[in-house]
Amino acid sequence: QVQVVESGGGLVQAGGSLRLSCTASIRSFSTYHMGWFRQAPGKEREFVAAISWRGSSTNYLDSVKGRFTISRDNAKKTAYLQMNDLKPEDTAVYYCAARGDLSESYYDDPEKYIFWGQGAQVTVSS
């Protein structure tokens, strides 16, 4: 049974920072692409960031470029999302997801990801 667990969410003032962590009990974690998605109240889930299995390729939602950084530590089976200069519009539940196919296309498509965490709440106050 694969488990994906996010941590590090919380309440922060606008301009502040948070780092989300995602640990996945996947035997071959180092061969999985990892992604972060978010869902705000009343809105659809949206792609935030993705990192390839080797960490050589990253992609971001335009509105978070330059503020968010995705990374991974395969030895720890953990992916991270460093979020700086947070804005109230970043408020959402953030989900970590793992994708096992080798393609790096459609990295923003949630249907491509097969393992998901339960989500971590991030609230940014103005």
Side-chain angles (χ1 to χ4, degrees):
Q1 183 77 12
V2 171
Q3 287 188 315
V4 179
V5 180
E6 302 97 338
S7 61
L11 173 64
V12 65
Q13 289 188 332
S17 298
L18 283 174
R19 189 177 81 155
L20 300 180
S21 298
C22 167
T23 300
S25 62
I26 302 172
R27 179 181 295 181
S28 54
F29 175 85
S30 61
T31 65
Y32 279 70
H33 305 311
M34 299 299 294
W36 287 95
F37 293 76
R38 68 186 182 187
Q39 188 166 19
K43 295 187 176 182
E44 293 188 353
R45 188 172 299 189
E46 68 174 351
F47 166 78
V48 176
I51 186 167
S52 61
W53 62 278
R54 287 184 295 183
S56 57
S57 176
T58 58
N59 292 281
Y60 297 93
L61 177 69
D62 283 346
S63 62
V64 308
K65 286 180 181 177
R67 300 189 298 121
F68 290 12
T69 302
I70 188 171
S71 61
R72 65 189 297 158
D73 184 335
N74 286 340
K76 295 182 178 179
K77 296 189 177 183
T78 300
Y80 304 95
L81 186 67
Q82 177 67 43
M83 304 182 293
N84 298 329
D85 189 23
L86 282 160
K87 305 177 185 299
E89 52 264 41
D90 294 319
T91 295
V93 177
Y94 283 70
Y95 298 90
C96 176
R99 173 181 177 182
D101 65 293
L102 297 179
S103 173
E104 295 187 20
S105 300
Y106 306 107
Y107 51 82
D108 56 351
D109 182 356
E111 297 296 324
K112 299 296 184 183
Y113 293 80
I114 59 173
F115 299 123
W116 289 81
Q118 293 300 306
Q121 177 68 48
V122 172
T123 302
V124 184
S125 63
S126 57

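Computed from a prediction, not measured in an experiment: that's the story for all the values here.
Transitive grouping of hydrophobic side chains (ILVMFWY, heavy atoms separated by less than 4.5 Å) keeps Tyr95 and Leu81 in distinct clusters. The hydrophobic cluster containing Trp53 does not contain Trp116, counting ILVMFWY residues as joined when their side-chain heavy atoms lie under 4.5 angstrom apart, directly or transitively. Residue Leu86 is grouped with residue Leu61 when hydrophobic side chains (ILVMFWY) are merged at heavy-atom distances under 4.5 angstrom, including chains of intermediate members. Using a 4.5 Å cut-off between side-chain heavy atoms of Ile, Leu, Val, Met, Phe, Trp and Tyr, with links allowed through other members, Val12 and Phe68 fall into the same hydrophobic cluster.
Contact of the Phe29 side chain with the Met34 side chain is registered, since non-hydrogen atoms from C-beta on lie closer than 4.5 Å. Between Tyr80 and Asp73 there is a side-chain heavy-atom pair separated by less than 4.5 Å. At least one side-chain heavy atom of Ser17 sits less than 4.5 Å from a side-chain heavy atom of Gln82. The closest side-chain heavy-atom distance from Glu89 to Val124 is not below 4.5 Å. A heavy-atom distance below 4.5 Å is not found between the side chains of Met83 and Asp90. When side chains are defined from C-beta on, Val2 does not count as touching Ile114, because their heavy atoms never get closer than 4.5 Å. Using a 4.5 Å cut-off on side-chain heavy atoms (C-beta onward), Asn74 and Tyr32 make no contact. Here the side chains of Tyr60 and Thr69 are in contact, with some heavy-atom distance below 4.5 Å.
Minimum interatomic distance between Glu6 and Ala120 (heavy atoms only, all atoms of both residues): CB-CB, 4.0 Å. Nearest heavy-atom pair, Tyr113 versus Gly35, reported as atom, atom and distance to 0.1 Å: CE2-N, 3.7 Å. Nearest heavy atoms, Ala24 versus Val4: CB-CG2, 4.1 Å.
Every pair passing disulfide bond (SG atoms under 2.5 Å apart) that includes a residue from residues 12-91 is listed here, sequence neighbours excluded: Cys22-Cys96.
Proximity of a side-chain donor or acceptor of His33 to a complementary backbone N or O of Ser103 within less than 3.5 Å is detected. Not one N or O on the side chain of Arg72 forms a donor-acceptor pair closer than 3.5 Å with the backbone of Gly55. Side-chain atoms of Gln118 never come within 3.5 Å of backbone atoms of Val5 as a donor-acceptor pair (strictly under, hydrogens ignored).
For the side-chain contact (heavy atoms from CB on, under 4.5 Å) criterion with Gln13, the lone passing option out of Ser125, Pro88, Ser126 is Ser125. The only option from Trp36, Phe47, Phe37 that meets the ring pair (Phe, Tyr, Trp, His ring centres under 6.0 Å) definition with Tyr107 turns out to be Phe47.
Note that the CZ atom of Arg99 and the CD1 atom of Ile51 stand 14.0 Å from one another [nearest 0.5 Å]. Taken from CZ in Arg54 to OG in Ser30, the straight-line distance is 11.5 Å, to the nearest 0.5 Å.
Side-chain N/O atoms of Tyr94 and Arg38 include a donor and acceptor closer than 3.5 Å. Residues Thr78 and Thr23 bring a donor and an acceptor atom of their side chains to less than 3.5 Å of each other.
Environment of CD in Gln121: crowded, with over 12 heavy atoms of neighbouring residues, nucleotides or ligands closer than 6.0 Å.
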